Amino acid sequence: MSAVPRTGDVREEICAVPDPELPVLSIADLGIVREVAVDEPSRRVRVVVTPTFSGCPAMEVIESDIRAAATRLGYQLDLVTRLSPPWTSDWVSDEGREALRRFGIAPASAGGPRVGGPVGVHLAARSVACPHCGSADTEEVSPFGSTACKAQRRCRSCAEPFDEFKAV
Amino acid sequence: MSTTSDTAAYVLGLADDALVYSHRLGEWVARAPQIEEDLALANIGLDLLGQARRLLTRVGELDGTGRDEDELAYFRDEREFRCVHLVEAPRSDFGFEIARLLWFASYQVELYDGLRHSVDPVVAGVAATAAKEVAYHRDHASQWVLRLGDGTDESHLRMQQALVAVAPYVPELFADDAASVAAAQGGVGVRPSTLWGGASAHVQTVVRRATLELPEPERMTTGGRAGIHSTPMGFMLAEMQHLARSHPGAVW
């Protein structure tokens, strides 16, 4: 797990809380932190988060880690869950996308989901680069993977399986 | 005019559909034809469970009882559940599951698309997130129906039998009841009957392309929204609820 920088700044430390299932990604890079408002006189911090998938079990850990960061620095936390507008994989930052790639996970293709179009055999329609060798010659194994946010693919060039961050 | 109790009853129906189907999907883990499918059905169940948790929490606020999601999920008896019979039907073969998922996900795609405009902020928020999830569910079921229907003679036969087996459960999903009519009038919900056109058009397209036929139901289930359930429901609840009831308040 990557070390979380301890800067002493409550906004920075909350933004740096790692995703417990993808520890290379901070919750800010994941795009779920929508607002952090610090009120120094009252030592309160208001954090607005938008969860990724409805059933993502990591959210409870993330909330408790945000609370721990605020408490450690002597702040009262007001945590707000905002569902609308819904999180989209387009909110993952460029740094987050690069971190995913280095971790062996293909970042989500930009521009939202691959589903919703006309019915058909469309599995070859998207080009997803292999995070290991960079080849674009990859295929989908399953649109569902080890966590709610990932799909499974394999590379036809280097033959390695890899996860893909789902586009939603 | 929508009353609070109508709204709560409507949202409870949505929540119970998602909760009960998530349990049935979870039963597939280690039983699906391949490990990728174990993961897929479990993930779909996980999405539905997440939707159910948020909706149940909202029900506890709307109905004035202050019950939390766990009290609603684990400490209600069978007659207090408002799910349709489709979702409580016991696990059968893989074809049946895929036919059920195709219908349910097609229904939910239309449902959450409509509910994004709900005047209830929680319902609208749940719908906005869930709309993207159920699009994946519908796509997954559609892909399987295409492969099985237009596959071998055996897979074609089994998929066709599955469509016949699921058909009696389908009309109940699109039937208006007092709670949904009131919720629609109040701007909180949508009338289930208005979702039929979009959902059935999708199913019909997939079924046709899979070289299958959409059967007319010979009988129809009814009563789920009024708390009247089929025999397997009690057994399912006994399994789903026994841990929470044997060890109230247990956490890990």
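Quantities reported herein were computed from a predicted structural model and do not represent experimental measurements. Letters go in sequence order (proteins before strands), and every chain restarts at 1.
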Legend entry - Partner set under side chain to side chain contact (heavy atoms under 4.5 Å, CB included) for B:Asp150, not counting sequence neighbours: B:Thr211
Legend entry - B:Glu133 side chain reached by A:Val168 side chain, heavy atoms, under 4.5 Å: no
Legend entry - chain A contact residues among residues 27-44 of chain B, heavy-atom distance under 4.5 Å: B:Glu36, B:Leu39, B:Ala40, B:Asn43, B:Ile44
Legend entry - Residues forming a salt bridge (charged side-chain N to carboxylate O under 4.0 Å, His left out) with A:Lys150, sequence neighbours excluded: A:Asp163
Inset, instruction - Return the minimal non-hydrogen interatomic distance between B:Lys132 and A:Trp87, and the atom names on each side. - result: NZ-O, 3.0 Å
Inset, instruction - Evaluate whether atom CZ of B:Arg53 has more than 12 neighbouring non-hydrogen atoms of other residues, nucleotides or ligands under 6.0 angstrom away. - result: no
Inset, instruction - Please look at B:Leu49 and chain A and tell me whether the side chain, the backbone, both or neither of the residue comes under 4.5 angstrom of a heavy atom of that chain. - result: neither
Inset, instruction - Taking atom CD of B:Glu213 as the centre, report whether more than 12 heavy atoms of other residues, nucleotides or ligands fall under 6.0 Å from it. - result: no
Legend entry - B:Val126, part contacting chain A, at a heavy-atom distance under 4.5 Å: both
Legend entry - Any residue of residues 38-57 of chain A which, by heavy atoms, sits under 4.5 Å from chain B: A:Pro51, A:Thr52, A:Phe53, A:Ser54, A:Gly55, A:Pro57
Legend entry - Heavy-atom contact with chain B under 4.5 Å, split by part of A:Thr81: neither
Legend entry - Backbone N/O of B:Tyr136 and side chain of A:Lys166: donor-acceptor pair under 3.5 Å: no
Legend entry - Greater than 12 external heavy atoms within 6.0 Å of B:Arg158's CZ: no
Inset, instruction - Heavy atoms only: give me the nearest A:Ser84-B:Ala128 pair and the separation to one decimal. - result: OG-CB, 4.4 Å
